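Step one of this worksheet: look at the structure below.
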Amino acid sequence: MDIRIDLNPSQQEAVLYNDGPSLIIAGAGSGKTRVLTYKIAWLLEHGIRSNNILALTFTNKAAREMKERIRHLVGEEQARYLWMGTFHSICAKILRQEAEKLGYTRDFSIYDTADSQSVVKQLVRERQLDDKIYKPSTVFGRISAAKNMLMTPEAYAANQECTKRDRFDRLYDMAELYQLYTLRLKAANAMDFDDLLMQACRLFQENKETLKYYQDIFQYVLVDEYQDTNYAQYLLVKMLAEPQNKVCVVGDDAQSIYSFRGADIRNILGFQQDYKTSKLFKLERNYRSTQTIVQAANSLIKHNERQIFKDVYSENDKGDKISLRAYMSDRDEAQSVAQEIKRIKGDKLNGVAILYRTNAQSRGFENELRRLGIPYRIYGSTSFYQRKEIKDAICYLRLASNLRDNEALLRVINYPSRGIGDTTLRKIAECAVKQNISMFDVICNPVAAELPVSVTTMKRLKDFAQMMHRFCDLIETENAYTAADTMLRESGVMAAAQMDKTPEGQDRKENLDELLAGIHQFVDQRTEEGISFTPVQDFLSEVSLLTDQDEKLDDTTPRVTLMTVHAAKGLEFAEVYIVGMEENLFPSQFCTSPTEIEEERRLLYVAITRAMKHCHMSYARQRFKNGTVNFSSPSRFLNDIDGQFISLQEGRAAEKPAMPRAATSSLLDAKQNAKATASLRGTGKLVSLNSSKTKSDTAELTADSTGGLFPGDRVRHRVFGEGNILRIYRENDNDKIDIQFDGPGKKTLLMTFAKLERI
């Protein structure tokens with residue numbers, strides 16, 4: 001193994017230092033895994049036995065690939081006994097040997113998430129708590145977060161912040177459930193995934209001799225992706241590395257994006273304070289991307305205050321500028337991106353990715369890619385129409401359209417929970433088969449069908465049947481959007497999603513909102529085609545054609561990849577489309593503190609650095625959400641990217657976007673602009689992309705620029721009907737009009753998109 005040939009000077013320096021603690025800051029595409037692999041191989045070749053090296057990763061896949069590379073470098077015999085794996089797998093291995101010291105037997109069970117949530121569900125039922133509030137995913141999520149902070153049930157109950165949050169969410173028995181859950185697992189001689197970390201920490205804290213035994217074994221401790229460690233993982237590394245502190249951690253603070261999973265960026269930022277004698281190494285050469293992409297990403301991330309400074313560079317081709325497009329609507333954005341991708345043929349499709357902030361955004365792009373016959377895959381998620389909450393919602397529409405649809409009925413009769421269990425459903429199915437009628441017929445006439453259920457259950461079935469009959473009447477008189485919106489609200493589907501405060505629950509709520517947005521767009525499109533009434537059945541026909549196409553293509557077919565930015569970390573693509581670059585979307589509307597905004601900026605840094613050759617960014621001026629068309633402002637992060645790396649392109653059905661920072665401005669101007677941006681951001685205001693105006697800057701428009709329309713005029717809109725103009729004005733370079741409609745009430749529309757007819 002000749003590292004002088006295989007590694008650049010910075011990589012060599014990081015590999016060769018093994019005399020004490022070291023922090024390797026590895027910029028995007030800088031060969032992080034290569035350095036870690038060679039470092040382990042170097043240790044093995046220089047007399048360190050493989051069973052004296054502990055290498056911790058975050059995925060089994062990373063551990064397997066790294067071990068295979070090491071075998072290739074030094075041979076099977078030297079690499080065989082490496083302690084290499086994920087934190088959880090290494091802890092499980094230790095706990096199997098030491099379980100009796102914690103009151104477990106060595107054959108303890110390891111519960112996965114489904115097992116854990118099943119235990120929670122049983123506890124909620126036993127305590128007779130409201131399962132609409134005490135959802136298994138919500139309760140287990142809070143238990144998991146507490147364990148990752150090494151917070152026992154007793155500590156959780158005494159923590160004022162936890163108590164306040166639980167009271168706000170009406171989870172008054174949360175601390176007691178945590179205690180009962182812990183006792184239930186202990187009685188079953190079981191640990192969940194989080195216990196593997198927590199109990200390992202407890203083992204070492206309570207058994208100093210055991211800790212010393214493993215400290216003596218692990219002469220070298222190496223950690224990959226250190227920026228993603230939580231408190232339990234941080235403490236495990238610190239305990240095992242003492243007292244010799246021959247610990248090497250590798251990571252990139254600029255790619256710390258998993259705080260929602262418990263990752264704490266302070267672990268990597270504070271490493272040099274934790275290990276006073278540590279040496280810092282920086283891997284700054286990016287082998288992946290063009291110079292322009294790397295420089296653009298650098299100009300973005302430098303706006304974060306909490307970071308370890310590095311100057312990432314590329315010696316690849318200069319490459320094209322990042323293209324930026326503005327679109328009038330999210331529908332235009334999806335159509336245009338799909339049309340752009342259509343020019344790419346053959347295997348090159350595998351090198352194309354569409355990245356978005358939330359899973360719900362995939363719907364529009366999936367529809368357009370299907371329409372154009374472009375194959376795609378959803379990475380790290382499920383195709384939009386195959387997600388559980390979407391299938392549940394669509395089954396309500398299906399059942400209202402066809403009460404004999406037994407499969408749809410089985411899916412929705414007890415969702416949200418109505419106390420109609422599997423035993424009752426089995427009895428209904430048996431009666432239906434016996435009498436050759438539909439299951440819904442049995443529900444409507446349980447006595448005539450001789451259904452053997454209690455009076456209470458009969459009442460529940462009657463309530464469900466009455467609700468579905470109302471929905472049947474609804475779809476005869478209301479268009480698909482109004483009917484679907486009403487059904488999802490009256491059935492309790494939307495309320496159930498809103499009450500789930502977990503990240504997964506928020507995703508479900510956003511997906512349901514996006515489904516309604518899709519139905520609204522479908523109705524609008526039909527209205528533009530001159531079809532005055534669009535029933536639910538027409539939308540269902542459209543959806544069935546889309547979902548039937550999902551898996552018809554052979555797995556080897558080249559495909560475009562669709563994924564969230566979080567799922568894209570660690571991957572690379574020749575061409576990347578970063579869509580939805582709007583305030584309250586990217587950054588997320590739920591991120592308000594400076595710390596949260598910095599993580600969102602790191603998330604965009606990750607998105608940009610996935611691109612090897614070409615990077616495209618776009619935003620929409622308006623996006624349909626929560627039942628209305630919402631006007632969007634460009635993401636504040638577009639201001640952070642130096643304008644010299646941006647190429648403004650014409651977007652479909654929208655004007656040319658404004659330049660983030662003029663590439664022709666002087667250095668002084670750029671500094672003044674940056675200072676103004678920082679100042680205004682502190683007040684919650686945003687700098688406009690093309691001037692120093694803020695969002696509050698407005699101006700009334702003259703009749704010359706409004707097509708002859710005046711406040712007070714009576715107009716007709718193709719969707720909202722008739723109404724009176726209240727105001728016509730310009731705001732953030734958009735010409736807007738406020739109209740008081742007779743039915744829907746007050747609406748704000750873009751003049752260029754309103755298509756108004758004066759009455």
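All of these numbers come straight from a predicted model, not from anything done at the bench.
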Any donor and acceptor pair, going by atom type alone, linking the side chain of E599 with main-chain N or O of S259 inside 3.5 Å? yes
Tell me if the NZ atom of K388 is crowded by more than 12 foreign heavy atoms within 6.0 Å. yes
Residues D194 and S144: side-chain donor-acceptor under 3.5 angstrom: yes
Y104 six-ring centre to K186 NZ/CZ under 6.0 Å and within 45° of normal: yes
Verify the ring-centre separation between F87 and F193: is it less than 6.0 angstrom? no
Under 4.0 Å between a side-chain nitrogen and a carboxylate oxygen: does that hold for E514 and R387? no
Can E65 and K61 be counted as an ion pair, charged N to O under 4.0 angstrom? yes
Please answer whether the main-chain N or O of L397 pairs with a side-chain N or O of S401 as donor and acceptor at a distance below 3.5 Å. yes
Check whether more than 12 heavy atoms from other residues, nucleotides or ligands sit under 6.0 Å from atom CD of E161, and answer yes or no. no
Mark yes or no for whether R602, through its side chain, and S256, through its backbone, hold a donor-acceptor pair below 3.5 Å. yes
Salt bridge flag under 4.0 Å for residues K135 and D131: no
Go through it in stages, so that I can follow the logic: the residues are D463 and K459, the test is salt bridge (charged side-chain N to carboxylate O under 4.0 Å, His left out), and I'd like the CA-CA distance, side-chain angles, deciding distance and then a yes or no. CA-CA 6 Å; D463 291 344; K459 172 67 167 58; 2.8 Å; yes
Answer yes or no: does atom CG of N436 have more than 12 heavy-atom neighbours from other residues, nucleotides or ligands under 6.0 Å? no
Looking only at side-chain N and O atoms, does R202 offer a donor or acceptor that is under 3.5 Å from a partner on Q199? yes
Is the cationic atom of R184 (NZ for Lys, CZ for Arg) positioned less than 6.0 Å from the six-membered ring centroid of Y181 and within 45 degrees of its normal? no
Is there a donor-acceptor contact under 3.5 Å from the side chain of N511 to the main chain of D507? yes
Counting neighbours of CZ on R470 that are heavy atoms of other residues, nucleotides or ligands and sit closer than 6.0 Å, is the number greater than 12? yes
Is it true that E98 and Y214 share a donor-acceptor pair across their side chains at a distance under 3.5 Å? yes
D166 vs Y172, side chain to side chain contact (heavy atoms under 4.5 Å, CB included): CA-CA, chis, key distance, verdict: CA-CA 6 Å; D166 290 340; Y172 305 109; over 6 Å; no
Classify the ring geometry of F440 against H469: parallel below 30°, tilted from 30° to 60°, perpendicular beyond 60°. perpendicular
Spell out, as yes or no, whether a donor-acceptor pair under 3.5 Å connects the side chain of N207 to the backbone of L203. yes
When you look at L177 and V120, which way does the side chain to side chain contact (heavy atoms under 4.5 Å, CB included) test go after all the steps? CA-CA 8 Å; L177 284 174; V120 170; 5.6 Å; no
Once you round to the nearest 0.5 Å, how far does CG of L355 lie from CE of M563? 6.5 Å
Would you list the atom pairs, donor with acceptor, under 3.5 Å between side chains in residues 232-242 and any protein atom, with sequence neighbours excluded?
from	atom 1	to	atom 2	distance (Å)
Q233	OE1	N230	N	2.8
Y234	OH	D274	OD1	3.4
Y234	OH	D274	OD2	3.1

Short question: side chain of D192, backbone of S116 - any donor-acceptor pair under 3.5 Å? no
So, does R106 use its side chain to make a donor-acceptor pair with the main chain of L95 at under 3.5 Å? no
Can D513 and R508 be said to form a salt bridge (charged side-chain N to carboxylate O under 4.0 Å, His left out), step by step? CA-CA 9 Å; D513 285 339; R508 286 191 283 273; over 6 Å; no
Exam field: side chain Y134 to backbone D173, donor-acceptor pair closer than 3.5 Å: yes
Check the pair E510 / R357 against salt bridge (charged side-chain N to carboxylate O under 4.0 Å, His left out), numbers first and verdict last. CA-CA 11 Å; E510 290 177 350; R357 179 62 181 82; over 6 Å; no
Check: S593/E596 side-chain N/O donor and acceptor closer than 3.5 Å: yes
Looking only at side chains, do Y231 and N267 share a donor and an acceptor under 3.5 Å apart? no
Can a cation-pi geometry be assigned to K208 and Y213, taking NZ or CZ under 6.0 Å from the six-membered ring centre and within 45° of the ring axis? no
Counting only heavy atoms not in R165 (residues, nucleotides, ligands), do more than 12 fall under 6.0 Å from its CZ? yes
Distance only, no hydrogens: is a donor on one side chain within 3.5 Å (strictly under) of an acceptor on the other, for D441 and S438? yes
Going by atom types alone, do Q361 and T358 pair a side-chain donor with an acceptor below 3.5 Å? yes
Euclidean distance, C431 SG relative to Q435 CD, rounded to 0.5 Å: 6.0 Å
What I want to check is whether the side chains of E126 and Q128 have a donor and an acceptor closer together than 3.5 Å. no
Atom NZ of residue position K93 - does it have more than 12 heavy atoms of other residues, nucleotides or ligands inside 6.0 Å? yes
R96 side chain to F108 backbone, donor-acceptor under 3.5 Å: yes
Okay, side chain of T486, backbone of T482: is any donor-acceptor separation there less than 3.5 Å? yes
Could you tell me the separation between the CZ atom of R460 and the OG atom of S417, rounded to the nearest 0.5 Å? 8.5 Å
Less than 3.5 Å apart, any donor N or O on the side chain of E366 or S362 sitting next to an acceptor on the other? yes
